Amino acid sequence: QVEALSYWFVHLIEEAFGIPVGTFDHFFGRDEASPPEGLDSATAKSHDHLPPQHRIKLLRYPPSPHGTQNGGQGVGAHKDSSGWLTFLYQVGNEEGLEVLSSSGKWIRARPVPNSFVVNFGNAFEAATEGAVKATIHRVIAPGPDSNVRCSIPFFMGLPLEIGRAHV
């Protein structure tokens, strides 16, 4: 269901940019007819690419024993290099995710029930020639008096090239 949401969200972005809906579909092999006979869709959409490499992770950040109110480093500042978009579901109410603003200030991304935080990845930045910047973000571990912080990111990946060999 998150995969379907991710494709729909890309179409909304295309609408926002005023470009034809479906412009980016070819990046995911979604504009092709069914695969050639003998080559199932689980193997490849074409002879040149594997299906999109979407991933999901379960992340757990235990309270930091360092004695600081904000805890320690959970994950340092980074951009998601693995793909197109990341849909992050923050489980519970523990804070920790921060996003770097265009002015260079860290903004807390407080958990909002029943919602996703959406980060743009490096591939999206490259495909838009920098019109959309990859989201720089980090995670601060919970402090010693906090609960465990959990999150579930879905990484919308791109197909990987497998060469011209026929399966």
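For the single chain, residues carry numbers from 1 onward in sequence order. As the structure is a computational prediction, the values presented were derived from the model and not from experiment.
The distance from the CD atom of E3 to the CH2 atom of W8 is 16.0 Å, given to the nearest 0.5 Å.
In this structure the side chain of I56 never reaches within 4.5 angstrom of the side chain of F155, judged on heavy atoms. Contact of the F154 side chain with the T86 side chain is not registered, since no non-hydrogen atoms from C-beta on lie closer than 4.5 Å. In this structure, the side chains of V2 and F116 come closer than 4.5 Å at one or more pairs of heavy atoms. At a threshold of 4.5 Å between non-hydrogen side-chain atoms, the residues S6 and F87 count as touching. No side-chain heavy atom of M156 sits less than 4.5 Å from a side-chain heavy atom of F9. Taking the side chain as every heavy atom from C-beta outward, V91 and I152 approach each other to under 4.5 Å. In this structure the side chain of D80 never reaches within 4.5 angstrom of the side chain of T135, judged on heavy atoms.
Partners of Y61 by ring pair (Phe, Tyr, Trp, His ring centres under 6.0 Å), not counting sequence neighbours: none found. Every residue two or more places apart in sequence or in another chain was checked for a side-chain hydrogen bond (donor to acceptor under 3.5 Å, both in side chains) with Y89, and none qualifies. For S81, there are no side-chain hydrogen bond (donor to acceptor under 3.5 Å, both in side chains) partners two or more places apart in sequence or in a different chain.
A single hydrophobic cluster is not seen to contain both I136 and V132; linkage of ILVMFWY side chains at heavy-atom distances under 4.5 Å, directly or through other members, places them apart. Linking Ile, Leu, Val, Met, Phe, Trp and Tyr whenever their side-chain heavy atoms come within less than 4.5 Å leaves I140 and V112 in two separate clusters. I19 and V10 end up in the same hydrophobic cluster when Ile, Leu, Val, Met, Phe, Trp and Tyr side chains are linked at under 4.5 Å. Using a 4.5 Å cut-off between side-chain heavy atoms of Ile, Leu, Val, Met, Phe, Trp and Tyr, with links allowed through other members, I107 and L100 fall into different hydrophobic clusters.
Contact detail for F17 and A131: the closest heavy-atom pair is CE2-CB, 4.2 Å. Taking both residues in full, the closest heavy atoms of P142 and P62 are given as CD-O, 3.6 Å, listed atom of the first, atom of the second, then distance.
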Under 3.5 Å, sequence neighbours excluded: what are the donor-acceptor pairs made by side chains of residues 92-99?
residue	atom	partner	partner atom	Å
E94	OE2	N147	N	3.4
E94	OE2	N147	ND2	3.4
E95	OE2	R110	NE	3.0
E98	OE1	R138	NE	2.7
E98	OE1	R138	NH2	2.6

- request: Take H54 and Y7, measure what ring-ring contact (aromatic ring centres under 6.0 Å, His included) needs, and give me the verdict at the end.
  value: CA-CA 12 Å; H54 305 311; Y7 292 129; 5.8 Å; yes
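The list of ring-ring contact (aromatic ring centres under 6.0 Å, His included) pairs with a residue in residues 124-152, not counting sequence neighbours, reads F24-F124, H78-H137, W84-F124, F120-F124. Residue pairs meeting the side chain to side chain donor-acceptor pair (under 3.5 Å) criterion with at least one partner in residues 117-133, sequence neighbours excluded, are absent.
At distances below 3.5 Å, at least one donor-acceptor pair connects side-chain atoms of Q90 with backbone N or O atoms of A109.
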